[in-house]
> 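Pasting a structure below so you can have a look.
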Amino acid sequence: MLQRDFGGDEVIFDSAIDGAPAVQVAMARPLAPLPPRPPTEEPLVADVTVPRPAPGANRPPSNAVPALDGKAADWRKDAPPIPGPGLSVSSVSSTATPLWQTLDEIAAVVRTCTLCPLCRTRTLAVPGEGDPRARLMLVGEGPGESEDLSGRPFVGRAGDLLDRMLASIEIQRTDTFIANVVKCRPPKNRVPLPDERNACLPYLRRQIALVQPRLLVALGGTATEALLGVKKSLGELRLKVHEWNGIPLIVTYHPAALLRNPAWKRPAWDDIRIARQLLDRGA
Ligand code: URA
């Protein structure tokens with residue numbers, strides 16, 4: 001990774017992570033205005049002036065997050081404030097992303113894709129699904145067993161939890177678009193290899209470009225690294241509003257990680273309430 005210092009507190013990284021097409025990442029840059037959407041909508045984060053908070057910093061660790069366990073809870077109560085800006089990523093390589101014109105076209109290409117060895121072990125590819133005009137787009141890592149059998153994202157246990165997370169902030173899954181970094185299941189649910197990820201990323205990039213969500217949520221480390229182009233812990237990247245090609249992006253724990261480690265449900269609850277507030281700002 002090359003690092004160029006532009007003076008002040010701005011640092012640009014030219015990310016050549018895993019040989020992926022060059023991506024520029026700027027730290028601590030003010031957020032650019034959102035690309036135009038419906039004329040009545042206000043910019044989502046342009047007026048963010050709240051100093052970086054540390055929601056939950058003084059809170060005793062607790063696994064009890066009723067809202068994520070299917071119990072009624074008002075997400076507005078003690079919701080953390082919207083955090084300040086983080087990294088800003090802009091893809092500088094336009095030729096790397098083929099110009100598929102529709103999400104259906106991408107799905108058709110994905111279903112017969114043979115660009116990486118995962119095609120040999122998959123049952124069904126999982127292109128992603130949801131509202132093509134979704135305001136919220138969620139990005140996971142890759143299909144698991146249930147997804148591989150059904151061809152649909154997040155339909156197993158992690159998917160159940162994701163549905164509950166969405167319900168807790170009064171959002172229905174059908175109002176979102178859900179996609180993964182890799183579209184085919186890695187054997188034994190291992191983390192996708194860099195070559196597999198890089199072969200698949202043009203699909204995700206084009207899906208985001210076509211949906212043009214108002215907010216991206218990266219679920220877990222693989223999605224975060226693939227989109228932000230940096231290898232940092234989620235702890236370092238949470239609680240900031242990053243930007244991916246002009247689209248605000250926040251990161252949180254993967255639902256499967258929350259199932260393994262319920263102590264992360266509390267910070268994830270803060271993250272999704274931040275997401276909900278960001279969406280409300282643009283509503
Ligand atoms: N985990 C993911 O990252 N994606 C899915 O679709 C299912 C589980």
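Position 1 is the first residue of the sequence, and the numbers go up from there. Both ligands and their constituent atoms are indexed starting at 1 by order of listing.
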> Could you list each nitrogen or oxygen of ligand 1 that sits under 3.5 Å from a protein nitrogen or oxygen, with the atom names and the distance?
{"residue": "ligand 1", "atom": "1 (N)", "partner": "G142", "partner atom": "O", "Å": "3.4"}
{"residue": "ligand 1", "atom": "1 (N)", "partner": "H254", "partner atom": "NE2", "Å": "3.2"}
{"residue": "ligand 1", "atom": "3 (O)", "partner": "E141", "partner atom": "N", "Å": "2.7"}
{"residue": "ligand 1", "atom": "3 (O)", "partner": "G142", "partner atom": "N", "Å": "3.2"}
{"residue": "ligand 1", "atom": "3 (O)", "partner": "G142", "partner atom": "O", "Å": "3.3"}
{"residue": "ligand 1", "atom": "3 (O)", "partner": "N180", "partner atom": "OD1", "Å": "3.4"}
{"residue": "ligand 1", "atom": "3 (O)", "partner": "H254", "partner atom": "NE2", "Å": "2.7"}
{"residue": "ligand 1", "atom": "4 (N)", "partner": "G142", "partner atom": "O", "Å": "3.0"}
{"residue": "ligand 1", "atom": "4 (N)", "partner": "N180", "partner atom": "OD1", "Å": "2.8"}
{"residue": "ligand 1", "atom": "4 (N)", "partner": "N180", "partner atom": "ND2", "Å": "3.4"}
{"residue": "ligand 1", "atom": "6 (O)", "partner": "F154", "partner atom": "N", "Å": "2.9"}
{"residue": "ligand 1", "atom": "6 (O)", "partner": "N180", "partner atom": "ND2", "Å": "2.9"}

> Any carboxylate oxygen within less than 4.0 angstrom of a Lys/Arg side-chain nitrogen, looking at E105 and R206?
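R206 and E105: not salt-bridged.
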> The test is side chain to side chain contact (heavy atoms under 4.5 Å, CB included); show your working for L239 and I274 and say whether it passes.
CA-CA 8 Å; L239 304 179; I274 288 168; 3.7 Å; yes
> Between R164 and D160 (salt bridge meaning N to carboxylate O under 4.0 Å), is one present in this structure?
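Salt bridge: no.
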> Salt bridge or not between E225 and K232? Use side-chain N to carboxylate O under 4.0 Å.
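No salt bridge links E225 with K232.
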> Would you name the heavy atoms of R122 and A125 that are closest together and state the gap between them?
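Closest heavy-atom pair between R122 and A125: CD-N, 3.7 Å.
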> Salt bridge (Lys or Arg N to Asp or Glu O under 4.0 Å) with R173: which residues, sequence neighbours excluded?
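Residues passing salt bridge (Lys or Arg N to Asp or Glu O under 4.0 Å) with R173: E129, D163.
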